[in-house]
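Throughout, a chain's letter reflects where its sequence line sits, starting with A, and its residues are numbered from 1.
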Amino acid sequence: MPDGAVGAELLVGRRERSSTIALVVNGIERDLSWPLSDGDQIEFVDSSTERGRAILRHSTSHVLAQAVTDLFPGAKFAIGPPIQDGFYYDFDLPDGRHFEPEDLVRIEARMREIMKEGQSFVREELSSEEGKRLFAEQPYKVEIIERVERSDIEEDDVNEVGQDEGGVSVYRNSSGFVDLCRGPHVPTTSVLGHFQLMRTAGAYWRGDERNPQLQRIYGTAWESKDALKQHLLRLAEAERRDHRRLGVELDLFHFPPEIGSGLPVFHPKGALVRYLMEEFSRQSHLKAGYQLAWTPHVAKSTLFEISGHLGWYRDGMFPAMELEGAAYYMKPMNCPMHILIYKSQARSYRDLPLRLFEFGTVYRYERSGALHGLARVRGLTQDDSHIFCPPERLAEEIASLLHFVLSLLRAFGLNEFEAELATRPEKSVGEDAEWELATDALRRALDRSGIPYVVAEGEGAFYAPKIDVHLTDAIGRRWQVSTLQVDLQLPQRFDMSFNDASNAKTRPYMIHRALFGSVERFMAILIEHYAGAFPDWLSPVQVKILPVKEEVAEYGSKLADRLRAGGCRVEISEANEPLGARIRRAKMEKIPYILVVGEDDVANGTVGVNRRGADHPDRDVPIDRFEAELLKTCATPVLDLGHS
RNA sequence: GCCCGAGUAGCUCAGCCGGUAGAGCAGCUCAUUCGUAAUGAGCAGGUCAGGGGUUCGAGUCCCCUCUCGGGCUCCA
């Protein structure tokens with residue numbers, strides 16, 4: 001290649017040509033038109049890789065900005081980065097205008113025109129002075145350039161400006177549209193096209209709620225028609241699994257407006273699922289050496305003053321109730337009350353570790369816009385535990401705790417985990433040595449557990465480092481569930497102690513830990529993970545018996561009695577509507593076993609078994625054999641308590 | 001909390017330019033008694049989220065409140 005040749009020339013005659021949209025030159029992403037020098041290290045960026053898609057999406061967001069400025073003269077544009085599955089762009093429309101749903105249709109049509117025109121993206125580098133002149137009418141762009149001048153670039157800005165040059169770079173389209181941008185971009189708008197605008201939203205400038213709110217448009221964009229289609233199918237699948245929809249369809253819970261936002265009631269089937277989840281958890285805790293605790297829902301201000309909650313967390317609490325001269329608060333956490341149980345007697349090292357466990361319902365004032373089905377509520381039940389142990393036991397305790405957490409999650413059929421180790425934030429309290437000891441104990445526990453983890457520097461609570469466990473559900477979404485925190489503050493605030501083996505008064509370490517996180521939220525995750533088809537042991541109804549006609553009803557009810565005696569949850573659907581209709585109804589209820597019994601079965605002591613998910617029913621199964629199968633699949637899982 | 005959108009029967013939704021509310025499913029009744037995803041007929045079901053306003057007249061237009069949805073912010 002001659003010196004000064006451009007990237008695109010490398011591709012002539014190569015198979016990668018059609019899907020390569022950019023280059024990586026010496027480790028930096030560049031346009032295909034980037035001039036190359038002898039000795040440059042080159043990689044091709046394919047549009048179907050995450051890197052390629054990001055470029056594609058970023059270019060699509062430019063086209064969006066161009067379309068909006070075409071259709072809304074005077075619109076100011078702010079930033080428009082690629083994001084997971086798509087892109088967005090933030091605008092400030094003249095006269096405080098807002099986008100309406102019909103606007104998206106017009107904008108999308110204009111974008112398709114721009115793409116059809118095949119406008120090229122041409123890079124140009126300017127001094128920041130030139131940049132500010134060019135964007136004189138674009139205050140948000142000027143603000144970004146000024147940040148570049150002060151070297152005060154935030155993560156949000158890196159798509160907008162090149163960090164590696166002294167000035168700024170811009171991209172011009174052949175139509176004259178120009179945007180501040182680091183690049184790279186696809187060579188022309190004709191490369192784009194597999195996109196869809198999704199929704200509009202308000203978004204604060206620079207993500208700060210004190211700043212004015214801009215109008216954001218979200219879109220999705222992909223390298224091919226098929227990839228776009230697959231993405232839209234995934235969205236439809238997520239909608240089908242939405243726990244709020246399934247909660248109504250399966251008659252599990254609802255949110256009565258008369259009670260208030262974020263305060264669910266559980267109907268019999270939902271309450272049963274909850275009971276099963278909680279009971280399994282409770283039994284597991286007892287087997288693992290926990291002791292139960294039970295504490296009230298309200299407490300005097302004194303308690304939360306000592307704990308510090310009223311100091312740091314007042315805004316997140318329900319306001320006070322005045323009673324006999326004292327202020328009472330709904331508890332936002334259970335820990336202070338568990339500490340009082342600890343403190344009810346003088347503790348010896350022989351009592352430790354003391355592991356207290358409670359399904360504690362707490363109340364938190366979540367802002368109305370933050371509420372989301374069962375996943376974000378104002379009254380939630382934590383499967384909360386506080387473990388008090390001597391300093392030297394900390395590492396061992398955390399390791400076995402993490403093992404317990406993962407075993408329990410696995411028992412619910414969840415297998416894909418990733419943890420985050422959140423370390424000391426800048427604003428925090430406590431001694432360095434304590435932080436180090438606690439963080440180190442967490443890190444060693446993670447190493448032993450074998451699950452992948454990342455270190456989130458400075459993401460810890462101000463009083464403690466923590467491990468957060470995330471899981472990936474059946475359709476690849478991540479949820480944060482368990483949290484495990486070493487508390488360096490509360491033992492001091494409550495002046496907790498125990499007598500060690502040499503009779504010295506010693507401060508215990510305290511571990512907070514919730515495993516489901518909240519029962520409500522965990523149920524939401526299970527509903528979505530299983531698309532409402534709970535594992536047999538959690539299904540509110542495990543077996544539905546359908547007598548073909550009334551004459552065999554008695555056989556059906558005897559069968560029901562027998563299966564119930566074995567501990568299974570069985571319903572009968574009488575023959576007052578056609579069999580097909582009853583099958584359909586039971587299928588929609590996602591019942592694991594539908595049993596059809598008719599004359600043949602009465603004669604032979606058999607059942608027709610229609611298993612959830614099976615293509616065909618299984619006729620003439622002897623009752624004994626079915627019962628054995630049922631008892632096996634409906635059994636509560638056995639927790640692996642093997643100590644690591 | 002903020003921006004946008006929505007709220008009509010238990011559920012899903014229709015209801016045009018303002019003229020007094022409609023379907024399917026679910027429910028109830030009767031008939032049907034059936035072998036693996038919808039039997040038929042009939043009946044009942046509504047303060048059109050709530051309040052205020054404009055109008056001869058409001059589900060429809062305007063204002064306020066509540067609730068929900070999508071985002072932003074927040075999640076100690």
Side-chain angles (χ1 to χ4, degrees), chain A residues 88 90 93 96-104 198-218 239 242 244-245 248-249 251 254-262 307-317 332-333 335 364-373 375-378 380 425 427 460-464 466 480 483 485 487 489 512 517-518 521 544 546-553 574-589 594-601 607-611 614-620:
Chain A
Y88 66 79
D90 287 343
L93 297 184
R97 261 209 67 176
H98 299 287
F99 291 119
E100 284 161 27
E102 306 78 63
D103 291 332
L104 286 190
M198 304 301 283
R199 59 178 64 94
T200 59
Y204 300 106
W205 167 235
R206 309 197 69 81
D208 187 329
E209 63 182 323
R210 290 164 302 191
N211 285 340
Q213 209 161 33
L214 304 173
Q215 299 297 304
R216 176 172 296 179
I217 294 178
Y218 281 97
E239 199 179 322
D242 191 312
R244 293 165 301 180
R245 167 202 285 265
V248 174
E249 281 177 13
D251 194 18
H254 87 290
F255 290 84
E258 296 85 341
I259 294 180
S261 286
S307 71
H309 287 101
L310 279 172
W312 347 297
Y313 192 56
R314 183 178 236 117
D315 291 347
M317 291 169 67
M333 283 181 136
C335 32
R364 299 173 179 189
Y365 168 64
E366 299 285 0
R367 297 210 275 177
S368 56
L371 299 172
H372 181 87
R376 191 85 178 264
V377 290
R378 285 181 174 159
L380 59 126
K427 277 180 71 178
F462 74 89
Y463 56 87
K466 60 178 182 172
Q480 199 227 299
T483 178
Q485 307 177 355
D487 193 322
Q489 274 297 297
H512 301 251
S518 93
R521 183 178 146 83
K544 195 129 186 173
L546 278 43
V548 169
K549 55 184 174 178
E550 219 163 287
E551 288 84 88
V552 295
E574 285 170 19
N576 48 17
E577 58 181 343
L579 184 64
R582 287 181 286 152
I583 298 264
R584 178 167 186 271
R585 205 179 287 263
K587 290 268 183 195
M588 290 198 305
E589 286 175 49
I594 299 166
L595 302 185
V596 175
V597 293
E599 279 170 343
D600 298 353
D601 297 298
V607 289
V609 181
N610 191 326
R611 296 179 183 82
D615 291 336
H616 302 290
D618 196 3
R619 291 279 306 267
D620 306 317

Output one line per pair: protein atom, nucleotide atom from nucleotides 71-74 of chain B, and distance, for all N/O pairs under 3.5 Å.
{"residue": "B:rG71", "atom": "O3'", "partner": "A:Y218", "partner atom": "OH", "Å": "3.0"}
{"residue": "B:rG71", "atom": "N2", "partner": "A:Q213", "partner atom": "NE2", "Å": "3.3"}
{"residue": "B:rC72", "atom": "OP1", "partner": "A:Y218", "partner atom": "OH", "Å": "3.3"}
{"residue": "B:rC72", "atom": "O4'", "partner": "A:G202", "partner atom": "O", "Å": "3.1"}
{"residue": "B:rC72", "atom": "O2'", "partner": "A:Y204", "partner atom": "N", "Å": "3.1"}
{"residue": "B:rC72", "atom": "N4", "partner": "A:G369", "partner atom": "O", "Å": "3.4"}
{"residue": "B:rU73", "atom": "O2'", "partner": "A:E209", "partner atom": "OE2", "Å": "2.8"}
{"residue": "B:rU73", "atom": "O2", "partner": "A:R367", "partner atom": "NH2", "Å": "2.9"}
{"residue": "B:rC74", "atom": "O2", "partner": "A:R376", "partner atom": "NH2", "Å": "2.6"}
{"residue": "B:rC74", "atom": "N3", "partner": "A:R376", "partner atom": "NH1", "Å": "3.2"}
{"residue": "B:rC74", "atom": "N3", "partner": "A:R376", "partner atom": "NH2", "Å": "3.4"}

Over how many whole Å does the gap from [X] atom [atom1] to [N] atom [atom2] extend?
X      : N      : atom1 : atom2 : answer
A:E239 : B:rG70 : CD    : P     : 9 Å
A:R97  : B:rC3  : CZ    : C1'   : 15 Å
A:R582 : B:rU36 : CZ    : C1'   : 10 Å
A:D90  : B:rG70 : CG    : P     : 19 Å
A:L93  : B:rC4  : CG    : P     : 12 Å
A:M333 : B:rC75 : CE    : P     : 13 Å
A:L579 : B:rU33 : CG    : C1'   : 11 Å
A:E249 : B:rA26 : CD    : C1'   : 13 Å

Considering residues at least two apart in sequence or located in another chain, which fulfil the salt bridge (Lys or Arg N to Asp or Glu O under 4.0 Å) criterion with [X]?
X      : result
A:E100 : none
A:D618 : A:R611
A:E589 : A:K269, A:K544
A:E258 : none

What integer number of Å spans the [atom1] atoms of [N] and [M]?
N      : M      : atom1 : value
B:rG5  : B:rC61 : P     : 13 Å
B:rG27 : B:rG45 : C1'   : 9 Å
B:rG46 : B:rG10 : C1'   : 12 Å
B:rG42 : B:rG51 : C1'   : 39 Å
B:rA6  : B:rC62 : P     : 11 Å
B:rA44 : B:rU36 : P     : 36 Å
B:rG18 : B:rC4  : C1'   : 27 Å
B:rA14 : B:rG52 : C1'   : 28 Å

Among residues at least two apart in sequence or on other chains, which ones pass side-chain contact (heavy atoms from CB on, under 4.5 Å) with [X]?
X      : answer
A:R199 : A:Y218
A:L104 : A:L197, A:T200, A:I217
A:S368 : A:R378
A:R582 : A:L546, A:P547, A:S573, A:A575, A:E577, A:L579

Which of these nucleotides, [options], is closest to any side-chain atom of [X]?
X      : options                : value
A:E577 : B:rU33, B:rU39, B:rA37 : B:rU39
A:R585 : B:rG27, B:rC34, B:rU36 : B:rG27
A:A581 : B:rC3, B:rU36, B:rU39  : B:rU39
A:I583 : B:rA26, B:rU39, B:rU36 : B:rU36

- prompt: Does A:H98 make a side-chain N or O approach to OP1 or OP2 of B:rC4 shorter than 4.0 Å?
  reply: yes

Touch class at under 4.0 angstrom, heavy-atom based, for [X] against every strand present:
X      : result
A:P332 : base
A:G316 : nothing
A:D315 : nothing
A:A575 : base

- prompt: Is it true that A:R206 and A:D208 make a salt bridge, defined as a side-chain N closer than 4.0 Å to a carboxylate O?
  reply: no

query: Sequence neighbours excluded, which residues qualify as ring pair (Phe, Tyr, Trp, His ring centres under 6.0 Å) partners of A:H372?
result: none

Identify each atom pair where a protein N or O and an N or O of nucleotides 62-69 of chain B are less than 3.5 Å apart, giving names and distance.
{"residue": "B:rU67", "atom": "OP1", "partner": "A:S261", "partner atom": "OG", "Å": "3.4"}
{"residue": "B:rC68", "atom": "OP1", "partner": "A:S261", "partner atom": "OG", "Å": "3.4"}
{"residue": "B:rC68", "atom": "OP2", "partner": "A:S261", "partner atom": "OG", "Å": "3.0"}
{"residue": "B:rG69", "atom": "OP1", "partner": "A:R244", "partner atom": "NH1", "Å": "3.1"}

field: Geometric class of the A:H512/A:Y463 ring pair [parallel <30°, tilted 30-60°, perpendicular >60°]
entry: tilted

message: Output the pairing pattern of RNA chain B as a dot-bracket string, 5' first, Watson-Crick or G-U wobble with both distances under 3.5 Å, | for cross-strand pairs, [ ] for crossing pairs.
response: (((((((..((((.....[..)))).(((((.......))))).....(((((..]....))))))))))))....

- prompt: A:K587 and A:I594: side chain to side chain contact (heavy atoms under 4.5 Å, CB included), yes or no, with the steps?
  reply: CA-CA 8 Å; A:K587 290 268 183 195; A:I594 299 166; 3.9 Å; yes

query: Going by a 90° cut-off around 0, is B:rC61 syn or anti?
result: anti

- prompt: 5'-most contact on RNA chain B: A:V248 or A:R619, nearest heavy atom basis?
  reply: A:V248

field: Donor-acceptor under 3.5 Å (A:R364 side chain, A:P332 main chain)
entry: yes

- prompt: Would A:R244 and A:D242 count as a salt bridge (Lys or Arg N to Asp or Glu O under 4.0 Å) if you check the C-alpha gap in whole Å, the side-chain angles of each, and the deciding distance to 0.1 Å?
  reply: CA-CA 5 Å; A:R244 293 165 301 180; A:D242 191 312; 2.5 Å; yes

